[in-house]
Amino acid sequence: MKSESIRPITAEYEEYLRDESRTIGRAETISFPKTKAEIAEILKQMNRQGICVTIQGSRTGLAAAAVPNGGHVMNLSRMDHVTACRFDEKDGHFYFTVEPGVLLSELRKMIHQKRFDTEGWSEASMKDYVAFCRAEEQFFTPDPTEASASIGGMTNCNASGARSFHYGSVRAYISGIEIVLMDGDSISIRRGEHFAQGRKGVLQTDSGRMIEIPIPTYEMPKTKNASGYYAAEGMDLIDLFIGADGTLGVISAIEIQLLPLPQIIWGVTAFFDEEGKALRYVRLLRGETLEECPKQYHVSAISAEFFNGDALEILRQQKKTNSAFAQIHDIPPEYQTAIYVELHGEQEQEVTGRLLELGEMIEAVGGDAADTWVAKSQTDLDRLMFFRHAIPECVNMLIDRRKKKDPSITKLGTDMAVPDTALEEIAQMYRRMLHQRGLQSAIWGHVGNNHLHVNILPNDAREYAEGKALYREWARIISEKGGAVSAEHGVGKIKAEFLKVMYGEEAIGQMRRLKKAFDPRYLLNVGNMFSKEEAAQ
């Protein structure tokens, strides 16, 4: 390893001490490896010296997983190549192997244009790539709000996004992972090849060393979940590393699965004058029946996204003063809640029928089918996507202005999910408790999965402390109802205390023992899930 691979943290590298959580950390050195071999050499050196290492991708995370707690920062943004293509004749799907620093936006562009840098690819990869170029258009289903996320970061937090209502999280589309351990050894694992026996697993490293793995015995919530290590009887051991917040090893390569892109993609945003009507509409979208609407619908929505009245009002105000949001349609003041639904299909007649059913459902819950934005063309769909992404952007702009007056505050954003039966109760709880404390907020999220992001927007340190206390209380209530404290962002450092609330101290001890099997000195991504002191207990 060249000596210049590890550099001191100077003013030039200060941006690498923070991520999108607005949390700022500290570190002494930084590196930007370009190969698996470089990763291994740097880790070995840090391991020998007992120096903690924090792994970073594009730093778009909201749980501070990439924010260092001292020691060394390893940024993988320069490992940004797609290295192989594979067609599986058994399942009929295409697979690509990507380095962890590949950005989702760039991957989407390469897939759409069918244009990859194939230098160094094997003959087998080139043959399958030719087949890919001749095939119908493909896509990678995970759809997080931030398209500049890296595939490595998405893997480490089991990212999902709007389309997870239908397609599920990134876990379902990862078929292979290559991991470098803290001592420089590595593991290559493919889905379907290595399973736990009950709650015990064994993996062999590439050097031949056997690692015995104690699988935690806790039961994961039956909801969308990215809280702690995946653990289940007889589990596929590849799932240990997906959603592990980078605490077990450094991912150096990921094989992802693509699906054929539907011929038709339409978007429909329905507006309601009451939140209750919108939530009943969501229940119909899920195939439930209501007392006022005994008919069961099967529209097969791909996504179901929620925006409450406070979020819409923040966007209205920004639209008045910021020309960047001029392309968004005017939002009448009587629109108090919005639900965005995406429909996929192969025949226009089929999707039109489902669109008409959406209109019936809106009317059935007391809404007006005329109060909708429908996007059938790509231009209109892009406009609806801009609307969906503009609301979080407006909130971030607002909190950044307040942070200039009081640097101690940040936005407090929840990432909790509950079972279907608790959605309306939890939505009412959020509104009531925020009102009681006089805190400004904006709520949006993946309502089809009962996964709402409550964004508390403090004006000062007192409100920030109030918001943190409220967040802790919600974590307890959500956990008691069988929910997850993190549904898609991972636990990172910000939600480590909530993980203990969700699972209990005994389960945290089991997680510590799992980490120790791969990282005995507790040097990797210190503070993610639990502190170094907790890990060493």
Side-chain angles (χ1 to χ4, degrees), residues 25 43 46-47 50-55 61 63-72 74 155-158 177 179-183 185 187 189 194 196-203 205 209-221 225-233 235-251 472 475-476 479 484-486 489-537:
L43 289 180
M46 296 300 158
N47 193 50
I51 296 174
C52 298
V53 179
T54 298
I55 310 305
V67 177
N69 268 343
H72 180 73
M74 180 181 287
T155 301
N156 275 319
C157 71
N158 189 31
I177 294 181
I179 309 103
V180 184
L181 304 180
M182 192 65 209
D183 63 2
D185 206 346
I187 297 172
I189 183 169
H194 301 278
Q197 300 298 314
R199 294 278 179 163
K200 295 181 179 180
V202 178
L203 284 174
T205 69
R209 178 164 57 95
M210 306 303 291
I211 298 178
E212 295 186 1
I213 307 161
I215 309 294
T217 59
Y218 52 74
E219 292 296 323
M220 294 182 293
N225 182 33
S227 311
Y229 297 125
Y230 187 97
E233 293 269 342
M235 63 178 286
D236 192 318
L237 294 177
I238 193 174
D239 288 322
L240 286 172
F241 305 98
I242 303 169
D245 268 341
T247 58
L248 304 181
V250 179
I251 295 174
R472 293 188 195 97
R476 176 185 60 78
S479 298
V485 296
S486 176
H489 295 161
V491 172
K493 298 172 181 67
I494 288 178
K495 286 173 276 190
E497 62 177 299
F498 305 139
L499 193 65
K500 188 180 297 185
V501 172
M502 177 176 165
Y503 284 122
E505 183 57 51
E506 181 180 350
I508 297 300
Q510 293 177 353
M511 291 185 198
R512 291 194 289 260
R513 288 190 286 277
L514 170 58
K515 177 176 172 60
K516 187 174 183 179
F518 294 96
D519 178 20
R521 302 182 71 185
Y522 305 104
L523 296 176
L524 196 57
N525 276 24
V526 171
N528 289 359
M529 295 199 201
F530 30 72
S531 68
K532 183 179 181 181
E533 291 72 27
E534 286 179 312
Q537 291 175 11

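No side-chain heavy atom of Leu248 sits less than 4.5 Å from a side-chain heavy atom of Asp519. Taking 4.5 Å as the limit, every side-chain heavy atom of Asn158 sits out of range of all side-chain heavy atoms of Asn225. Considering only heavy atoms from C-beta on, Met511 comes within 4.5 Å of Tyr218 through its side chain. With contacts defined as side-chain heavy-atom distances shorter than 4.5 Å, the pair Leu203/Ile189 qualifies. Using a 4.5 Å heavy-atom threshold, the side chains of Glu233 and Arg199 count as touching. A 4.5 Å side-chain heavy-atom check between Pro216 and Tyr230 finds every atom pair outside the cut-off. Within the 4.5 Å cutoff, the side chain of Met220 has heavy atoms near those of the Tyr503 side chain. Residues Val250 and Leu524 have side chains in contact (heavy-atom distance under 4.5 Å, counting atoms from C-beta outward).
Checking side-chain atoms of Arg476 against main-chain N and O of Val501 turns up no donor-acceptor pair under 3.5 Å. In this structure a side-chain-to-backbone donor-acceptor pair under 3.5 Å is present from Asp245 to Gly492. A distance-only check finds a donor-acceptor pair linking the side chain of Lys515 to the backbone of Thr247 [under 3.5 Å].
What you find for Ala63 and Gly490 is that their closest heavy atoms are CB-O, 3.7 Å. Of all non-hydrogen atoms in Ala65 and Asn528, the two that sit nearest each other are O-ND2, 3.2 Å. When all heavy atoms of Ala226 and Cys157 are compared, the closest pair comes out as CB-O, 3.5 Å. Closest approach of Gly50 and Arg521 over heavy atoms only: CA-NH2, 3.6 Å. Between Ile494 and Ala64 the shortest heavy-atom distance is CG1-CB, 3.8 Å. Between Ile215 and Ala231, the closest heavy-atom pair is CG2-CB, 3.8 Å.
Ring centroids of Phe241 and Tyr229 are separated by 6.0 Å or more, keeping the two rings apart.
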- Query: Step by step, would you call Leu43 with Val53 a side chain to side chain contact (heavy atoms under 4.5 Å, CB included)?
  - Reply: CA-CA 8 Å; Leu43 289 180; Val53 179; 4.1 Å; yes

- Derivation of the side chain to side chain contact (heavy atoms under 4.5 Å, CB included) call for Ile211 and Leu181: CA-CA 11 Å; Ile211 298 178; Leu181 304 180; 3.7 Å; yes

- Item | side chain to side chain contact (heavy atoms under 4.5 Å, CB included) assessment of Leu514 paired with Leu240 | CA-CA 9 Å; Leu514 170 58; Leu240 286 172; 4.0 Å; yes

- Please test Lys495 against His489 for side chain to side chain contact (heavy atoms under 4.5 Å, CB included), starting from the C-alpha separation and ending with a verdict. CA-CA 10 Å; Lys495 286 173 276 190; His489 295 161; 3.5 Å; yes

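Electrostatic pairing of Glu212 and Lys200 does not count as a salt bridge here, judged by no charged N lying under 4.0 Å from a carboxylate O. Checked for salt-bridge contact, Glu506 and Arg512 miss the test: no charged N lies under 4.0 Å from a carboxylate O. Using a cut-off of 4.0 Å between Lys/Arg side-chain N and Asp/Glu carboxylate O, Arg209 and Asp183 are scored as salt-bridged.
A distance of 10.0 Å separates OG in Ser479 from CZ in Phe498, rounded to the nearest 0.5 Å. Distance check: Phe530 CZ to Leu499 CG gives 8.0 Å after rounding to the nearest 0.5 Å. In this structure, CD1 in Ile242 is found 4.5 Å from CD1 in Ile177, a value given to the nearest 0.5 Å. Going from atom OG of Ser486 over to atom CE of Met529 covers 9.5 Å, rounded to the nearest 0.5 Å. Here the straight-line distance linking atom CD of Glu505 with atom CD of Gln510 works out to 11.0 Å at 0.5 Å rounding. Put simply, OG1 on Thr54 and CG on Leu523 are 10.5 Å apart, with the number rounded to the nearest 0.5 Å.
If you run side chain to side chain contact (heavy atoms under 4.5 Å, CB included) between Lys493 and each of Asn69, Val526, Asn525, only Asn69 comes through.
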